[in-house]
> 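Shown below is the structure under consideration.
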Amino acid sequence: MDVDYLDCQGTFSVLCDPALYGAGETVLRYRVWREEGSRWDPKEALDFVREHYRQGYGQVLAGVCAAYRRSPLWDVWMGDDERPARLEFTAKEELHPYMGTPDVELAFYGDSFLWGLTFGGKGNRLSIEHGLCAVYEGAVLAALVDSTDFPEILRWWKEYKANNILTDLPSV
């Protein structure tokens, strides 16, 4: 699917786990991508993400935790003056400080939309070379991909979904 037209971007608040975020809401950046000619109103999709963010973020933590446990080569960047370290996480919530704040990506194509959470830049301290993108079909986490290029992931969606998942996605 070709959704490389950036239609709009901004910020919005989402419900989140107060134990992780220190509050029941947090503000996230979002970007809206469209196929040429698509006329979706992003308000409905943003409301959907707002309602499902907390569950979706829990799915990401579970998936990344499973992938981290399976890959002895992964480590955590500890800071400018320190060497990366292999940490042992006993619960998925322990990954939260190392994930960084995601951006929300919305893709409108035909009569449908996909949404994603991209974790990249300095906020993501896990040793995933190209960052991380979680892509959802509705409220279901469909793929964890080692990239933050959301339009490119969707361009190759069938292949990514079938072949480039970081881990078998656990049910949450």
> Would you check, one step at a time, whether the test side-chain contact (heavy atoms from CB on, under 4.5 Å) holds for Leu132 with Met99?
CA-CA 9 Å; Leu132 172 71; Met99 293 291 296; 3.7 Å; yes
> Among residues at least two apart in sequence or on other chains, which ones pass side-chain contact (heavy atoms from CB on, under 4.5 Å) with Glu137?
Leu114, Ala142, Trp157, Lys161
> First locate atom OG1 of Thr118, then atom CZ of Arg31, and finally report the distance between them rounded to the nearest 0.5 Å.
5.0 Å
> How would you list, by chain and number, every residue that makes a side-chain hydrogen bond (donor to acceptor under 3.5 Å, both in side chains) with Arg69, sequence neighbours excluded?
none
> To check you understand the geometry: which heavy-atom pair defines the closest contact between Gln59 and Val140, and what is its length?
OE1-C, 4.1 Å
> Mark yes or no for whether Tyr68, through its side chain, and Leu87, through its backbone, hold a donor-acceptor pair below 3.5 Å.
yes
> Check Asn124 against Gly131 and note the closest heavy-atom contact, atom names and distance.
ND2-CA, 4.1 Å
> Sequence neighbours excluded, which residues qualify as side-chain contact (heavy atoms from CB on, under 4.5 Å) partners of Asp17?
Ala19, Leu20, Arg54
> Is it possible for you to say whether Phe48 and Val32 belong to one hydrophobic cluster, with membership spreading through side-chain heavy-atom contacts below 4.5 Å?
yes
> My understanding is that only residues two or more places apart in sequence, or in another chain, count here; which of them pass salt bridge (Lys or Arg N to Asp or Glu O under 4.0 Å) with Arg34?
Asp7
> Taking the side chain as every heavy atom from C-beta outward, state whether Leu46 and Trp115 have any atom pair closer than 4.5 Å.
no
> Do Trp77 and Trp74 share a hydrophobic cluster, counting only Ile, Leu, Val, Met, Phe, Trp and Tyr and linking them when any side-chain heavy atoms are less than 4.5 Å apart?
no
> Going hydrophobic residue to hydrophobic residue with side-chain gaps under 4.5 angstrom, can you get from Leu144 over to Phe89?
yes
> Before giving the answer on side-chain contact (heavy atoms from CB on, under 4.5 Å), spell out for Val104 and Phe12 the whole-Å C-alpha distance, their side-chain angles and the decisive distance to 0.1 Å.
CA-CA 10 Å; Val104 174; Phe12 74 123; 3.9 Å; yes
> Looking only at heavy atoms, which two atoms of Pro18 and Gly24 are closest? And how far apart?
CG-CA, 4.1 Å
> For Cys8 and Tyr30, work out which heavy atoms get closest and say how close.
SG-CE1, 4.3 Å
> Identify the heavy atoms of Arg50 and Ser13 that sit nearest to each other, and give their distance.
NE-O, 2.8 Å
> Are Val76 and Val64 connected, step by step, through hydrophobic side chains (Ile, Leu, Val, Met, Phe, Trp, Tyr) whose heavy atoms are closer than 4.5 Å?
yes
> Is there side-chain contact between Cys133 and Thr148, with at least one heavy-atom pair below 4.5 Å?
no
> Residues in side-chain hydrogen bond (donor to acceptor under 3.5 Å, both in side chains) with Gln9, at least two apart?
none
> Spell out, as yes or no, whether a donor-acceptor pair under 3.5 Å connects the side chain of Arg125 to the backbone of Gly100.
no
> Linking I/L/V/M/F/W/Y whenever any side-chain heavy atoms sit under 4.5 Å apart, do Leu28 and Tyr98 land together?
yes
> Can you give me the closest heavy-atom contact between Leu117 and Pro102, atom names plus distance?
CB-CB, 4.0 Å
> Is Pro42 close to Phe108 at the side-chain level, that is, under 4.5 Å between some pair of heavy atoms?
yes
> What's the spacing between Leu126 CG and Asp146 CG if we round to 0.5 Å?
12.5 Å
> Take atom CZ in Arg29; do more than 12 heavy atoms of anything else shown fall under 6.0 Å from it?
no
> Within the structure provided, determine whether Phe150 and Asp103 are in side-chain contact (heavy-atom separation under 4.5 Å).
no
> Is there a side-chain contact between Leu95 and Val60, using heavy atoms and a 4.5 Å cut-off?
no
> Could you pull out all residues at least two apart from Tyr57 that satisfy ring pair (Phe, Tyr, Trp, His ring centres under 6.0 Å)?
Tyr21, Tyr53, His96
